[in-house]
Amino acid sequence: MTDRYAVIGHPISHSKSPQIHAAFAQATGQDLSYTAIEAPLDGFAATVQAFRHEGGRGANVTLPFKMQACELATHPSEAARLAGAANALKFEGERVYAENFDGIGLVNDIQRNLGHALQGKRVLLLGAGGATRGALLPIAQQGPAVLAVVNRTADKAHALGRDFAAHAMLQTGGYDDLEGETFDVVINATSAGLAGEALPLPAGLFASGALAYDMVYGKGLPPFLRQAQAAGVTALADGVGMLVEQAAEAFLWWRGVRPATREVIARLSVPLV
Ligand code: ATR
């Protein structure tokens, strides 16, 4: 029988996940279906329950339900618990396992696809919301020399530093604290660009050969990458690789088979112009 999977969010029509998992299933010969389900804003748990009763084996979860996905799990992973959010669920009998693959997806994209090792490097995350929470642990596990988080509201970055204290030594602060600092990898995890807003980045922030990475995807050259380019950065990436790599981790977790990602990333990529 065909195994059923889905991505659950609100809205969901924009999701590329059905396309990605269909490509993975075809390439690996796995017999599964993968659909997009829009849950009512006040009906996430009921939607998950209904999908399980219909025989669903697992689901991806996207905005705005990632925190609820972690809460309803009976067995959340450490990454999901620390992030306070999950983007993948697996159903086994009464058990609901939860994982957060956003961070490992980001790390795999940066290291394997883009060829920028994180070990020993100075890494900066912009923003202290859910996207940063999800990314921190896998980045810290690569052993960067410095892992810094700055946020418009500096106190939120400091709070993140306390939450992760047992796992990573974070440098935290506001954008003013970036004056005089230089980083090898700078990752935009804010939603500023979605509102068309630039970030207050000081001159000299990017080291020679630095990578500028924006978690948004499919938007051409977002404001943060435009800023980086104007500062002379040539290694620019949006989040399409992160999206496909987190999907590959979920597919491996559900099916025990790791799909190749390069071709799918190439197919979904939008030129950065
Ligand atoms: P997500 O789950 O996508 O991370 P979020 O939790 O709402 O979304 O977080 C959005 C992040 O973008 C926050 O770090 C936010 O900064 P504040 O905590 O100070 O609100 C950041 N952000 C949004 N608009 C911004 C802007 N114009 N300039 C700088 N940071 C911005």
Side-chain angles (χ1 to χ4, degrees), residues 7-12 14-17 39 41 44 60-71 76 79-88 98-107 109 123-140 147-164 168 170-179 181 183 186-202 205 212-219 221-228 230-231 237-243 246:
V7 58
I8 303 173
H10 186 122
I12 202 63
H14 66 284
S15 175
K16 307 258 184 258
S17 292
L41 286 174
F44 173 69
N60 281 124
V61 179
T62 186
L63 298 179
F65 301 126
K66 289 184 180 187
M67 284 161 78
Q68 286 182 57
C70 187
E71 282 162 18
R81 272 189 286 115
L82 260 176
N87 83 331
E99 269 289 359
N100 190 321
F101 293 126
D102 287 334
I104 189 69
L106 172 69
V107 164
D109 191 37
V123 179
L124 170 64
L125 275 153
L126 305 170
T132 290
R133 271 185 183 273
L136 275 175
L137 188 60
I139 294 176
L147 182 49
V149 177
V150 300
N151 196 44
R152 178 174 58 182
T153 317
D155 280 351
K156 247 170 91 179
H158 296 317
L160 209 61
R162 290 192 292 276
D163 288 353
F164 280 78
L170 301 181
Q171 285 186 12
T172 57
Y175 287 90
D176 289 350
D177 298 312
L178 292 176
E179 206 61 53
E181 300 276 347
F183 292 90
V186 182
I187 301 160
N188 178 28
T190 76
S191 53
L194 298 176
E197 288 169 24
L199 295 164
L201 306 178
L205 181 69
Y213 194 105
D214 202 320
M215 287 192 188
V216 307
Y217 61 88
K219 303 255 185 248
L221 195 66
F224 164 68
L225 294 185
R226 199 172 296 276
Q227 282 179 274
D238 75 358
V240 67
M242 174 180 176
L243 173 74
Q246 66 74 29

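Ligands are counted one by one from 1 in listed order, and the atoms in each one are counted from 1 as well. Since we're looking at a predicted model, the values are computed, not measured. Just so you know, these numbers use all the heavy atoms, side chains as well, and skip hydrogens, waters and symmetry mates.
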Heavy atom of the protein closest to [atom] (residue, atom name, distance):
| atom | answer |
| --- | --- |
| atom 21 (C) of ligand 1 | Thr190 CB, 3.7 Å |
| atom 7 (O) of ligand 1 | Ser191 OG, 4.9 Å |
| atom 3 (O) of ligand 1 | Ala131 CB, 4.1 Å |
| atom 16 (O) of ligand 1 | Asn151 OD1, 3.2 Å |
| atom 2 (O) of ligand 1 | Gly130 N, 3.3 Å |
| atom 27 (N) of ligand 1 | Glu197 OE1, 2.3 Å |
| atom 25 (C) of ligand 1 | Arg152 NH1, 3.3 Å |
| atom 19 (O) of ligand 1 | Thr153 OG1, 2.5 Å |

Any idea which atoms of ligand 1 are less than 4.0 Å away from a heavy-atom of Gly127? 14 (O)

Counting only nitrogen or oxygen atoms and a 3.5 angstrom limit, does Lys156 reach ligand 1? yes

Taking Lys66 first and then Asp102, would you say they form a salt bridge - that is, a charged N and a carboxylate O separated by under 4.0 Å?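 Answer for the salt bridge query: yes.
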
Measure from the side-chain N and O atoms of [X] to the backbone N and O of [Y], and report whether any donor-acceptor pair falls under 3.5 Å.
| X | Y | answer |
| --- | --- | --- |
| Gln227 | Ala198 | no |
| Asn100 | Ala85 | yes |
| Asp177 | Gly174 | yes |
| Asn151 | Ala128 | yes |

Among Gly193, Gly129, Pro223, Ala83, whose heavy atom sits nearest atom 5 (P) of ligand 1?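 It is Gly129 that holds the nearest heavy atom.
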
Contact region, Leu199 to ligand 1, non-hydrogen atoms below 4.0 Å, reads side chain

For Ala154 and Gly173, the nearest pair of non-hydrogen atoms, with its separation, is CB-C, 3.9 Å

So, for atom 9 (O) of ligand 1, does the protein have a heavy atom nearer than 4.0 Å? yes

In terms of relative ring orientation, are Phe65 and Phe44 parallel, tilted or perpendicular, with 30° and 60° separating the classes?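 It falls in the parallel class, under 30°.
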
Side chains of residues 131-139: which donor-acceptor pairs under 3.5 Å do they make with residues two or more places apart or in other chains?
residue	atom	partner	partner atom	Å
Thr132	OG1	Gly127	O	2.7
Arg133	NH1	Asp163	OD2	3.3
Arg133	NH2	Asp163	OD2	2.7

What I want to check is whether the side chains of Thr190 and Asn188 have a donor and an acceptor closer together than 3.5 Å. yes

